[in-house]
Amino acid sequence: MMEVKTIDKADERRDFPRGHLESLHLTGMDFAVATFEPGWRWTESVGPIAGTDTCQVHHNGFVMQGRLRIRMDDGTEAEVGPGDVFVCSPGHDAWVVGDEPVIVYDFAGGMASEYAKPAS
């Protein structure tokens with residue numbers, strides 16, 4: 001089997017305040033490209049859509065552009081930027097640092113399938 005898609009032609013796009021998500025759904029893998037504009041913060045931009053206090057999606061990410069600060073529910077914090085690969089378990093907030101948009105590629109699957117969808 002061979003399956004190829006391009007991020008320029010996403011299967012799905014979800015818009016939310018100060019950002020958007022583009023998803024590609026392939027056999028055995030869901031892939032997401034998230035764009036967060038300056039001023040974006042999960043608790044303000046996506047939290048009301050998700051209906052949870054913090055993000056409950058697992059992320060396996062690669063930062064293409066910009067800087068993102070992540071705070072876990074236990075208070076642990078880290079900042080990621082261009083070229084960084086990160087794993088982040090459910091239970092966190094995140095926000096854009098600085099004036100540059102953040103672009104994150106996420107390979108975990110949950111972001112592509114669940115992120116920024118209204119709570120059911």
Side-chain angles (χ1 to χ4, degrees):
M1 179 198 56
M2 171 71 76
E3 190 173 2
V4 178
K5 294 188 177 186
T6 176
I7 59 174
D8 295 332
K9 294 180 181 175
D11 294 320
E12 181 181 8
R13 178 180 167 125
R14 284 178 233 133
D15 292 295
F16 43 83
R18 295 190 176 109
H20 66 273
L21 178 80
E22 295 169 305
S23 299
L24 298 168
H25 306 291
L26 295 91
T27 304
M29 183 178 85
D30 290 306
F31 174 79
V33 179
T35 301
F36 306 124
E37 299 295 333
W40 175 89
R41 185 174 187 135
W42 189 92
T43 50
E44 298 166 6
S45 297
V46 182
I49 298 167
T52 58
D53 292 335
T54 57
C55 181
Q56 298 302 309
V57 173
H58 175 88
H59 302 283
N60 293 344
F62 174 75
V63 182
M64 290 293 298
Q65 172 185 310
R67 299 203 65 78
L68 191 66
R69 188 83 182 163
I70 303 168
R71 179 182 299 136
M72 303 302 296
D73 286 351
D74 70 4
T76 305
E77 287 192 30
E79 190 168 305
V80 294
D84 288 341
V85 175
F86 66 95
V87 173
C88 183
S89 61
H92 59 273
D93 190 11
W95 58 92
V96 172
V97 175
D99 296 326
E100 183 178 20
V102 173
I103 299 174
V104 174
Y105 291 175
D106 193 295
F107 296 86
M111 190 165 198
S113 62
E114 303 168 26
Y115 194 84
K117 283 190 174 180
S120 42

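Note that this is a predicted model, so its numbers are computed, not measured.
At a threshold of 4.5 Å between non-hydrogen side-chain atoms, the residues W40 and L68 count as touching. By the 4.5 Å heavy-atom criterion applied to side chains, P90 and C55 are not counted as neighbours. Proximity of Q65 to P82: side-chain heavy atoms (C-beta onward) are nowhere separated by under 4.5 Å. Between R13 and S23, the closest side-chain pair of non-hydrogen atoms is not below 4.5 Å. Residues R18 and P38 are not in side-chain contact: their nearest non-hydrogen atoms beyond the backbone lie 4.5 Å or more apart. Using a 4.5 Å cut-off on side-chain heavy atoms (C-beta onward), E44 and P17 make no contact.
Side chain to side chain, D106 and H59 meet the donor-acceptor criterion of an N or O pair below 3.5 Å. If you check the side chains of D11 and H25, you find no donor sitting under 3.5 Å from an acceptor. Inspection of the T35 and E37 side chains reveals no N or O donor paired with an N or O acceptor under 3.5 Å.
For the pair T54 (side chain) and G91 (backbone), a donor-acceptor distance under 3.5 Å is absent. In this structure, the side chain of E77 does not engage the main chain of G75 through any donor-acceptor pair within 3.5 Å. S113 contributes a side-chain N or O that, together with a main-chain N or O of G109, makes up a donor-acceptor pair within less than 3.5 Å. No donor-acceptor distance shorter than 3.5 angstrom exists from the side chain of E22 to the backbone of I7, with no hydrogens or angles considered.
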In sequence, state the C-alpha distance, the side-chain angles, and the governing distance for F86 and V63, and then conclude on side-chain contact (heavy atoms from CB on, under 4.5 Å).
CA-CA 8 Å; F86 66 95; V63 182; 3.8 Å; yes

Decide yes or no on side-chain contact (heavy atoms from CB on, under 4.5 Å) for F62 and N60, but give the supporting numbers first.
CA-CA 7 Å; F62 174 75; N60 293 344; over 6 Å; no

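In this structure, the separation between NE2 on H92 and CG on D73 is 9.0 Å, given to the nearest 0.5 Å. Of the inter-residue distances, the one linking R14 atom CZ with L21 atom CG reads 5.0 Å to the nearest 0.5 angstrom. To the nearest 0.5 Å, the span separating OG on S45 from NE2 on H20 amounts to 13.5 Å. With rounding to the nearest 0.5 Å, the separation of CG in D53 from CH2 in W42 is 7.5 Å.
Between F16 and Y115, the ring-plane angle classifies as perpendicular under the 30° and 60° cut-offs.
Counting non-hydrogen atoms of neighbouring residues, nucleotides and ligands closer than 6.0 angstrom, the CE atom of M1 exceeds 12 such neighbours. Counting non-hydrogen atoms of neighbouring residues, nucleotides and ligands closer than 6.0 angstrom, the CG atom of D15 exceeds 12 such neighbours.
Note: the hydrophobic cluster containing M111 does not contain M29 (ILVMFWY, side chain heavy atoms under 4.5 Å, direct or indirect links). One hydrophobic cluster holds both I70 and F36 under the rule that ILVMFWY side chains link at heavy-atom gaps under 4.5 Å. Follow the hydrophobic side-chain contacts under 4.5 Å out from V33 and you never reach V57; the two are in separate clusters. Hydrophobic clustering (ILVMFWY, side-chain heavy atoms < 4.5 Å, transitive): F31 and M64 are in one cluster.
Nearest heavy atoms, G61 versus V104: CA-CG1, 4.4 Å. For L24 against K5, the heavy-atom pair with the smallest separation is CD2-CB, 4.2 Å. Contact between E100 and V96 at its shortest, heavy atoms only, is O-CG1, 3.7 Å. Of all heavy-atom pairs spanning A112 and D30, the tightest one is CB-CB, 3.6 Å.
Paired with D93 under the rule salt bridge (charged side-chain N to carboxylate O under 4.0 Å, His left out), one option of R71, R41, R69 passes, and it is R41.
Salt bridge present: R67 and E79 bring a charged side-chain N and a carboxylate O closer than 4.0 Å.
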